[in-house]
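Small disclaimer: the values here were computed from a predicted structure and weren't measured. Indexing begins at 1, ligand by ligand and atom by atom, following the structure's order.
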Amino acid sequence: MGERIVLVGAQWGDEGKGKVIDILTENVQYVVRYQGGNNAGHTVVIGDKKYVLHLIPSGILHDGRICVIGHGVVIDPKALIEEIELLKSQGINVDDNLKVSDKAHIIFPYHQKLDELRETKKKGKIGTTKKGIGPCYADKVSRVGIRMADLYDKDYFRKKLEINIEEKNTIFKDLYGFKGFSADDIFNDYLKYADNLKKYVCDTVMLLNEAYKKDRSILFEGAQGTFLDVDYGTYPYVTSSNSTAGGACIGAGIGPSRIDMVVGVVKAYTTRVGEGPFPTEFGDDLMEKIRQKGGEFGATTGRARRCGWFDSVLVKNSVDVNGIDKVIITKLDVLDELDTINICTSYTYKNKQYQNIPGDPGFLEKCKPVYEEHPGWKSDTSQVTSYEELPINARKYLDRIKKLIGTEIMLVSVGKSRKQTFMYNNAKH
Ligand code: IMP
C-alpha cells in the first residue's frame with residue numbers, strides 16, 4: 001500500500017534532508033516540495049557525483065519519480081530554468097518528471113532587490129539569503145502577487161506587473177534612493193521564462209490527489225527547518241513560509257487525513273545560518289573544529305553555519321509541533337573526535353526551569369542551557385553499518401537522544417554517501 005510521508009527538518013534547517021530524501025525516494029513514486037524557494041539547498045552525493053538542488057525535489061535524480069513543485073513554493077523562474085538546464089546537462093531526465101504548480105507565486109527582481117536593500121540598510125537584519133523570498137510571500141498575503149498561470153495571460157500579467165512596479169518603484173526611490181525597475185524589461189524577460197517552463201506547468205493539486213486515490217506513495221519534502229517556520233520558529237529570525245509538517249497540506253493541497261507519517265531529520269548536533277538566538281552555540285574553538293569536520297557551509301550562499309550542542313528542548317518541541325513519528329539522525333560521525341559531548345536538556349531563565357520555548361522576546365537569547373555531559377567515543381564511525389557496530393558511547397548518546405525527545409529513531413547517517421546509513425533497530429534496544 002502506498003504511503004504519504006512528510007519529511008521535515010527538526011532544527012534550523014541543513015539537517016541533511018537532501019541525502020535522506022534521496023534514500024526514501026527509492027520507495028516512492030512522487031516527491032513534492034511544498035514551501036520555500038531557492039533559498040533552500042539540498043546536497044546529494046551519488047557515487048562520485050555531487051548534486052546541489054535548490055527548487056527541484058531531489059527525487060529527480062531517480063528516473064521515473066514524478067517531482068512536483070507545489071503552490072506553496074515561491075518560484076524564481078530564471079533560477080528554475082538554470083537548475084533544469086544543469087540537471088539536463090548531467091543526463092537527468094527532467095522533462096518527463098517535473099511538474100510545477102500553476103498557482104505558485106513568482107519571484108521578481110524587485111523582490112530580490114527589496115530583500116537585499118532591507119538586509120543591507122535596515123537595523124536588526126535577519127541574515128536572509130537575499131533571494132527575494134520574504135518580499136514575494138509578503139505580496140502573496142497582501143494579494144498583489146503574480147502566480148505562474150498569470151504569466152500565460154499577457155494582458156492580465158502586464159496589468160498586475162505595472163501596478164506592482166509603480167508601488168515598488170516609489171518605495172525604492174523614496175526610501176532607498178534606488179532608481180527602480182522597468183515594467184517592459186521584466187515583462188519581456190518573464191514571458192520568455194514562462195514559455196520555457198510551459199511544459200511543466202499544471203494543476204498539481206489535482207495531480208497529487210489523483211495519485212493518492214490510486215494509492216501511490218508520495219514524499220513531501222520540507223525545506224529549511226522547524227525553527228525557521230514563520231509561525232512557530234524563532235520569530236522574526238525565520239523564513240517566510242510554513243516549514244513545519246502542516247505546511248505540506250497547505251502548500252501541496254493535500255488534506256491532513258491523507259498523510260500517513262511524519263519523519264523528522266535531526267542533526268546529531270545543532271547548526272543555524274543567519275542571525276537569531278542559539279542557546280547551545282559553541283565557543284570559537286569548537287565552532288571551527290565542528291564546522292570544518294561537518295562541512296558546515298551553506299549550499300545556497302556558502303555562508304559559514306553557526307554550530308552548537310544538541311538541544312533536546314528544541315527537538316522535543318519539534319516532535320510535537322510536527323507530529324513526528326520517527327526521526328533520522330544525521331552527521332553522527334562529525335562528533336567522532338570529541339572527548340566529551342553535551343546535550344541540552346532544559347533551559348533556565350529568571351530562576352525558572354523550562355522545557356518549552358515561551359514567546360517572550362529575548363527568552364532564547366537570555367536563557368541558559370542546562371547540559372548533561374556524555375563521554376565521547378573517540379573512534380571513526382563513518383564506516384559503521386549497524387547500530388551494533390557503533391562504539392558503546394555512541395550507542396548511549398543515540399539512546400539518550402531518543403529518550404529525551406520521546407520518539408523512535410529510524411535511521412542513522414554517518415557520512416555523505418547513500419551507503420553511510422544504517423537502521424537503528426528498535427527490537428534490540
Ligand atoms: P530567507 O528565507 O532567505 O528569507 O532567510 C530567512 C532566514 O532563514 C535566514 O536566517 C536564512 O539563513 C534562513 N534560511 C533560509 N533558507 C535556509 C536553508 O535552506 N537552510 C538554513 N537556513 C535557511
Side-chain angles (χ1 to χ4, degrees), residues 7-21 33-44 51-58 69 72-76 79 83 105 107-120 122 124-141 221-244 247 251 264-267 269-278 281 291 294-308 314 318 330-331 364-365:
L7 185 115
V8 289
Q11 293 150 314
W12 274 296
D14 308 315
E15 294 90 353
K17 293 183 290 294
K19 174 185 162 174
V20 170
I21 293 160
R33 265 287 299 273
Y34 57 84
Q35 45 74 228
N38 60 328
N39 50 349
H42 286 170
T43 308
V44 182
Y51 302 86
V52 182
L53 296 140
H54 298 285
L55 269 167
I56 302 176
S58 33
I69 299 181
V73 176
V74 286
I75 298 177
D76 174 343
E83 201 167 314
H105 280 252
I107 297 180
F108 285 91
Y110 49 79
H111 292 130
Q112 289 153 343
K113 195 70 193 173
L114 202 54
D115 198 359
E116 182 196 314
L117 288 169
R118 278 187 184 149
E119 283 291 286
T120 42
K122 201 177 73 168
K125 62 175 184 156
I126 305 292
T128 73
T129 59
K130 300 186 187 147
K131 301 284 181 192
I133 306 296
C136 183
Y137 276 115
D139 276 2
K140 172 179 169 170
V141 292
E221 57 163 78
Q224 289 88 43
T226 299
F227 292 93
L228 289 173
D229 182 285
V230 65
D231 283 289
Y232 185 69
T234 46
Y235 192 89
Y237 300 101
V238 292
T239 191
S240 300
S241 62
N242 287 114
S243 46
T244 43
V265 186
V266 177
K267 203 179 272 190
Y269 48 100
T270 313
T271 59
R272 110 167 268 178
V273 205
E275 307 299 318
F278 185 172
E281 190 165 9
R291 183 179 285 154
E296 296 294 358
F297 297 90
T300 300
T301 58
R303 288 181 294 174
R305 296 179 188 140
R306 298 155 66 193
C307 307
L314 281 188
S318 188
T330 61
K331 299 187 114 170
L364 274 182
E365 263 141 32

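Residue contact check for ligand 1: G127 places a non-hydrogen atom closer than 4.0 Å to it. Look at A40 and you'll find a heavy atom under 4.0 Å from some atom of ligand 1. Residue contacts with ligand 1 do not include R305, since none of its heavy atoms lies under 4.0 Å from the ligand. T301 does not count as a contact of ligand 1, since none of its heavy atoms falls under 4.0 Å from the ligand. Using 4.0 Å as the threshold, K131 has no heavy atom nearer than that to any atom of ligand 1.
For Q224, a nitrogen or oxygen atom sits less than 3.5 Å from a nitrogen or oxygen atom of ligand 1, counting backbone and side chain alike. At least one N or O atom of V273 sits closer than 3.5 Å to an N or O atom of ligand 1.
Taking the six-membered ring where the residue is Trp, Y110 and F108 present parallel rings, their angle staying beneath 30° rather than reaching 60°.
Inter-residue side-chain proximity for R272 and P277 is flagged as met; some heavy-atom pair is nearer than 4.5 Å. The shortest side-chain heavy-atom distance between L53 and E83 falls under the 4.5 Å cut-off. No side-chain heavy atom of K131 sits under 4.5 Å from any side-chain heavy atom of D76.
The option from N38, T239, I126 that lies nearest to atom 2 (O) of ligand 1, judged by heavy atoms, is T239. Between the choices V238, I133, T129, V230, the shortest heavy-atom distance to atom 6 (C) of ligand 1 belongs to V238.
Every residue two or more places apart in sequence or in another chain that forms a ring pair (Phe, Tyr, Trp, His ring centres under 6.0 Å) with F278 is listed here: W12.
A distance of 12.5 Å separates CZ in F297 from CG in D14, rounded to the nearest 0.5 Å. Q224 contributes atom CD, which lies 6.0 Å from atom OG of S243 (distance to the nearest 0.5 angstrom).
Considering only non-hydrogen protein atoms, atom 5 (O) of ligand 1 sits nearest to T128 CA, 3.4 Å. Given atom 20 (N) of ligand 1, the protein heavy atom at minimum distance is D14 OD1, 3.1 Å. From the protein, the heavy atom lying nearest to atom 23 (C) of ligand 1 is L228 CD1, 3.6 Å. Nearest non-hydrogen protein atom to atom 12 (O) of ligand 1 is R303 NH2, 2.9 Å.
In this structure, D115 and P135 approach most closely via the heavy-atom pair N-CG, 3.9 Å.
The proximity of Y237 to ligand 1, defined as any non-hydrogen pair under 4.0 Å, does not occur for either the backbone or the side chain.
With E296 as the fixed residue, the side chain to side chain donor-acceptor pair (under 3.5 Å) test singles out one of R306, K267, R291: K267.
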